[in-house]
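In what follows, residues are counted from 1 in the order of the sequence shown. All values derive from a computational prediction rather than experimental measurement.
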Amino acid sequence: MCFAAPGSDECEAAWSEFRDHVQRRTSQPPYHIKLLLDRLESSRGNRDRADIVILDHGCGGGLTLFYLAILGYTNFWGLDVGGEFASRNAVAAENFGHDEDRLSVYDGKTIPLPDASVDVVFSQQVIEHVTDDALEAYYREEGRVLKPGGLAVHYVPHRLVPFDSHTGTWLIHYLPRPLYHRLAEWLGSPVPHHLHLRWPWVHRSLLQRHVGPVEDVTGSRFSIPPDEDNYDGPLRLRHLVSGLMNAPVVGRAAESVLTSLVMLETLTIRR
């Protein structure tokens with residue numbers, strides 16, 4: 001989607017193309033968005049989609065929020081620690097009637113929203129980029145802004161996943177961090193300064209402490225074929241894992257083992 005000035009021919013063409021693409025795929029959205037949509041639909045009950053307040057906690061360029069807004073989830077907020085959102089906010093105001101900026105840069109620690117003001121907060125491959133000094137605040141603030149009964153949905157790469165797509169390396173992140181970083185440098189795949197892979201139980205523990213009971217719903221992802229144009233891991237391995245988890249007889253046993261070795265997906269209801 002465009003970053004050009006709203007109203008320009010370039011912006012109008014890009015926006016129309018994006019909107020039409022979303023509307024054509026209402027029955028078959030990208031798999032990572034389908035999972036989120038399923039959570040939103042099951043949690044909203046009889047409320048109108050536009051009444052559901054959504055926060056993308058680490059929104060990047062905000063495309064997921066725009067995708068959801070085209071489907072009716074227009075009451076959104078997006079935060080990130082960097083980026084330039086002027087053109088995106090102008091597009092949002094023009095198309096969704098927002099009278100204030102909904103995408104913004106924040107300090108990574110304090111969410112600029114009132115207590116108990118959000119129905120659903122989510123992040124998609126963000127938490128591995130949160131620094132150690134901001135990690136506790138990341139979860140504490142989610143618990144603060146979520147309404148009682150609100151939903152937190154997270155997709156988290158972690159250190160038990162054998163292949164790290166950030167560096168394109170296998171297994172070396174299992175090693176103690178100093179050794180892992182030195183070995184990655186030696187292999188020509190240095191660990192980016194913004195990558196902080198952690199063990200999956202760290203994520204679960206912090207969610208439990210600050211938000212509520214954690215449900216691991218990782219296995220549900222493997223009933224949906226990946227969007228191959230945007231998938232950043234080994235596709236053959238992804239299909240193999242999916243096939244094993246969905247296989248008759250052995251599927252449940254395979255799922256119990258393999259879900260700890262793939263990107264974690266958690267669902268938490270604010271207590």
Side-chain angles (χ1 to χ4, degrees), residues 1-3 6-7 11-80 83 85-106 111-124 126 141-155 211-212 217 220 224 227 265-270:
M1 202 175 73
C2 76
F3 290 91
C11 187
E12 291 301 320
W15 171 250
S16 295
E17 181 181 355
F18 180 72
R19 183 189 59 224
D20 293 347
H21 171 76
V22 173
Q23 292 171 341
R24 284 195 304 269
R25 296 191 60 169
T26 52
S27 62
Q28 193 179 12
Y31 84 106
H32 66 286
I33 291 182
K34 182 183 187 308
L35 290 164
L36 181 57
L37 276 169
D38 289 346
R39 310 299 179 208
L40 289 167
E41 287 294 292
S42 64
S43 67
R44 73 181 176 94
N46 295 322
R47 292 178 294 173
D48 189 84
R49 290 175 177 173
D51 293 332
I52 307 301
V53 182
I54 299 172
L55 168 63
D56 186 346
H57 197 185
C59 65
L63 284 183
T64 296
L65 290 173
F66 279 92
Y67 198 109
L68 295 173
I70 290 168
L71 299 179
Y73 290 100
T74 56
N75 196 356
F76 65 75
W77 300 91
L79 297 172
D80 214 310
F85 297 116
S87 63
R88 301 270 169 126
N89 280 319
V91 170
E94 182 177 329
N95 289 277
F96 307 125
H98 295 163
D99 56 5
E100 58 186 318
D101 289 349
R102 295 301 184 96
L103 303 175
S104 60
V105 174
Y106 84 128
I111 295 175
L113 292 173
D115 295 359
S117 60
V118 173
D119 293 292
V120 178
V121 60
F122 72 91
S123 74
Q124 297 174 313
V126 169
E141 282 291 282
E142 288 192 347
R144 180 184 65 79
V145 301
L146 274 170
K147 300 175 183 177
L151 203 62
V153 182
H154 294 291
Y155 306 89
V211 182
V217 291
S220 62
I224 306 170
D227 184 350
E265 179 185 353
T266 59
L267 188 65
T268 308
I269 298 176
R270 178 73 170 101

Review point. For the residue pair A152 and V211, what are the closest heavy atoms and their distance?
Key: CB-CG1, 4.3 Å
Review point. If you take all heavy atoms of I54 and F122, which pair is closest and at what distance?
Key: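 Answer, listing the atom of I54 first, then F122: CG2-CE2, 3.6 Å.
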Flag the pair [X] / [Y] as yes when at least one side-chain heavy-atom distance between them is below 4.5 Å, and no otherwise.
| X | Y | answer |
| --- | --- | --- |
| H57 | V126 | no |
| L71 | L37 | yes |
| D56 | L68 | no |
| L79 | P112 | yes |
| F85 | D101 | no |

Check your understanding: Checking side chain to side chain donor-acceptor pair (under 3.5 Å) for the pair H21/Y67: CA distance, chi angles, key distance, verdict?
Key -> CA-CA 10 Å; H21 171 76; Y67 198 109; 5.4 Å; no
Point to revise | R88 side-chain N/O to G61 backbone N/O, donor-acceptor pair under 3.5 Å | key: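 Yes, the answer is positive, given that a donor and an acceptor are paired below the 3.5 Å cut-off.
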Practice item. Measure from the side-chain N and O atoms of R102 to the backbone N and O of A93, and report whether any donor-acceptor pair falls under 3.5 Å. Key: no
Practice item. Fit a plane to each ring of F66 and W15, take the angle between them on a 0 to 90° scale, and name the class: parallel (under 30°), tilted (30 to 60°) or perpendicular (over 60°). Key: perpendicular
Practice item. Determine, step by step, whether S117 and V53 satisfy the side-chain contact (heavy atoms from CB on, under 4.5 Å) criterion, reporting the C-alpha distance in whole Å, the side-chain angles of both residues, the deciding distance to 0.1 Å, and the verdict. Key: CA-CA 7 Å; S117 60; V53 182; 5.8 Å; no
Exercise for review: List in chain and number order the residues that pass salt bridge (Lys or Arg N to Asp or Glu O under 4.0 Å) with E41, two or more places apart in sequence or in another chain; answer none if no residue qualifies.
Suggested key: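 In terms of salt bridge (Lys or Arg N to Asp or Glu O under 4.0 Å), with neighbours along the sequence ignored, E41 is linked to R44, R49.
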Review point. Atom CG of N89 and atom CD of E94: how far apart are they, to the nearest 0.5 Å?
Key: 12.5 Å
**Study point:** Approximate separation, where rounding is to 0.5 Å, of D20 CG and Q23 CD
**Key:** 6.0 Å
Review point. Within a radius of less than 6.0 Å around CD1 of I269, do more than 12 heavy atoms belonging to other residues, nucleotides or ligands occur?
Key: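 Counting neighbours around CD1 of I269, 12 or fewer heavy atoms of other residues, nucleotides or ligands fall under 6.0 Å, so no.
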Review point. Are Q124 and H32 close enough that a side-chain donor and a side-chain acceptor fall under 3.5 Å?
Key: no
